[in-house]
Amino acid sequence: MTNTTVDSRLFEPASLGALRLPNRLVMAPMTRNRASADGVPQPIMATYYAQRAAAGLIVAEASTPNAVGQTYPDITAIHTGAHVAGWRRVTDAVRAEGGRMFLQLQHGGRVGHPDNSGLTPVAPSPIPLPETVHTPTGPQDAVVPREMTLDEIRSTVADFAAAARNAVDAGFEGVEVHAANGYLLHQFLARGTNRRTDAYGGSVARRIRFTVEVVRAVADAIGPERVGVRIAPGLTVNGIDEGDTEEIYPALVAALADLGPAYLHVVFADPDQPLFQEIRKAWPGTLIANPVLGWGKPLPADGGRRQAERLLAAGADLISLGRPFLANPDLVERLRIGAPINQVRDHGLMYTGGSAGYTDYPTLAATAAVDHGQASESAAL
């Protein structure tokens, strides 16, 4: 293990609105299915997030703004008093360790199942997810979603605003609106999932309308300085086919910039990609970039530091990392001194509900204590 501090802008303090961040590393939102069946965060989640409070900012996992927005079993929500109380225990634990948190707001749209929510999923158009959906009894074929009515669109916008107010009541510094990864807002953006012929479908201007209305409502509810937006240009996860990526995002970014949110969060950002460069030039505020680390492959030996620094050099202000934070509660310190990192364990641990692969990843201090104990035992023999 290297014991010298790595000289990098990653460890410089930064500002995000009124927030002062001790470093430029953001823990990205990662759904880990540790809530109760009705979406209430459980005590183990407070432990998990508090372990990672050294991040400059934590963006907590996706929480649904209403019941029909639920995606998978045992994910968190933020539309009842019980949800607020459960999340308050988490934010209190993180704040006690000196951390700061935003909460990601996510509506699954067609990515859901009646066995998870008790309701038929809704979407911009009645086009089913071309994949199975995880349910309490295992993977099942996706169902055909109901096409949202105009009244349902308006009520969903209101649900996002109410969820943002709930998040602030739960102790979060702000919220991140999830417009990526093939969920509802992304479904409205993409031609492959949005076949509407009304004011929310067809042209790029109409397809970005729902996302802009959601962000505007959330900003009006809690203040734009408390709002971030996540986008994923060109990402095809969850069966998404945008069709005209190069036209969607310049228009969306310009419309969002007019609303003045605290940050824009770009998923799987490539500093060499012209669209990323265009977005950086067009976005007037803080840009969080999430590097490509090889999804489904082992983490790079440096924990993503080299890719993170490439994005900083390309104009990103903050860097979000997901799996490196999952497997390394003390990731900031490991990156700072160039220490080896833990690799992520089997993905099936997502649905176990316990501490394995969640709160039991070792820290450097814990590893050193074990090594010291073994050395002392050997010396006594």
For [X] and [Y], work out which heavy atoms get closest and say how close.
X	Y	answer
V204	E247	CG1-O, 3.8 Å
P291	Q307	CB-CB, 3.8 Å
N23	A55	OD1-C, 3.8 Å
L21	G56	CD2-O, 3.3 Å
R345	P362	NH2-CD, 4.3 Å
P114	P121	CD-CD, 4.1 Å

Between atom CZ of R52 and atom OG1 of T47, what is the distance when rounded to the nearest 0.5 Å?
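If I round to the nearest 0.5 Å, the distance is 10.0 Å.
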
Are [X] and [Y] packed together at the side-chain level, in the sense that at least one heavy-atom pair is separated by less than 4.5 angstrom?
X	Y	result
V111	Q187	yes
F11	L335	yes
R226	F172	no
P233	T245	yes
L293	P324	yes
H186	V237	no

Looking at [X] and [Y], would you say the former's side chain and the latter's main chain have a donor-acceptor pair under 3.5 Å?
X	Y	result
N328	N342	yes
E147	P145	no
N194	R191	no
Q104	E176	no
R24	L10	no
Q70	N116	yes

Hey, which of E173, R95, R20 is the one that makes side chain to side chain contact (heavy atoms under 4.5 Å, CB included) with R100?
E173

Of all pairs that satisfy ring-ring contact (aromatic ring centres under 6.0 Å, His included), the ones with a partner from [range], not counting sequence neighbours:
range	result
residues 16-40	none
residues 213-260	none
residues 102-132	F102-Y263
residues 189-223	F188-F210

Is it the case that one hydrophobic cluster holds both [X] and [Y], taking links as side-chain heavy atoms less than 4.5 Å apart, direct or via other members?
X	Y	result
L16	I231	no
I240	L185	no
L321	V332	yes
V59	W283	no
I288	V266	no

Give the intermediate values and the outcome of side-chain contact (heavy atoms from CB on, under 4.5 Å) for residues R32 and I44.
CA-CA 11 Å; R32 305 314 297 170; I44 193 172; over 6 Å; no

Residue pair V84, I78: steps toward the side-chain contact (heavy atoms from CB on, under 4.5 Å) verdict:
CA-CA 6 Å; V84 172; I78 188 68; 4.1 Å; yes

Set of ring pair (Phe, Tyr, Trp, His ring centres under 6.0 Å) partners for [X], sequence neighbours left out:
X	value
Y358	Y48
H178	Y183
H83	H79

Applying side-chain hydrogen bond (donor to acceptor under 3.5 Å, both in side chains), can you list everything that pairs with [X], at least two apart in sequence or on another chain?
X	value
D241	none
Y49	E61
D151	R154

Does T359 form a side-chain contact (heavy atoms from CB on, under 4.5 Å) with R34? I'd like the steps, not just the answer.
CA-CA 11 Å; T359 56; R34 257 65 176 193; over 6 Å; no

Candidate pair N33 and I75, rule side-chain contact (heavy atoms from CB on, under 4.5 Å), full reasoning
CA-CA 5 Å; N33 307 86; I75 68 165; 3.7 Å; yes

Identify every side-chain donor-acceptor pair in residues 311-320 under 3.5 Å, counting partners at least two apart or on other chains, and give the distances.
from, atom 1, to, atom 2, distance (Å)
D317, OD2, R280, NH1, 2.8
D317, OD2, L287, N, 2.8
S320, OG, H265, NE2, 2.8
S320, OG, N290, ND2, 3.3

Check D92 with R88, please: is the shortest side-chain N to carboxylate O separation under 4.0 Å?
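Yes, R88 and D92 are salt-bridged.
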
Please check if any side-chain donor atom of E309 sits under 3.5 Å from a side-chain acceptor atom of S8, or the reverse.
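On atom types as modelled, these side chains qualify, holding a pair under 3.5 Å.
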
Return all side-chain donor-acceptor pairs below 3.5 angstrom for residues 124-132, not counting sequence neighbours, or 'none' if the list is empty.
from, atom 1, to, atom 2, distance (Å)
S125, OG, R195, N, 2.7
E131, OE2, G239, N, 3.4

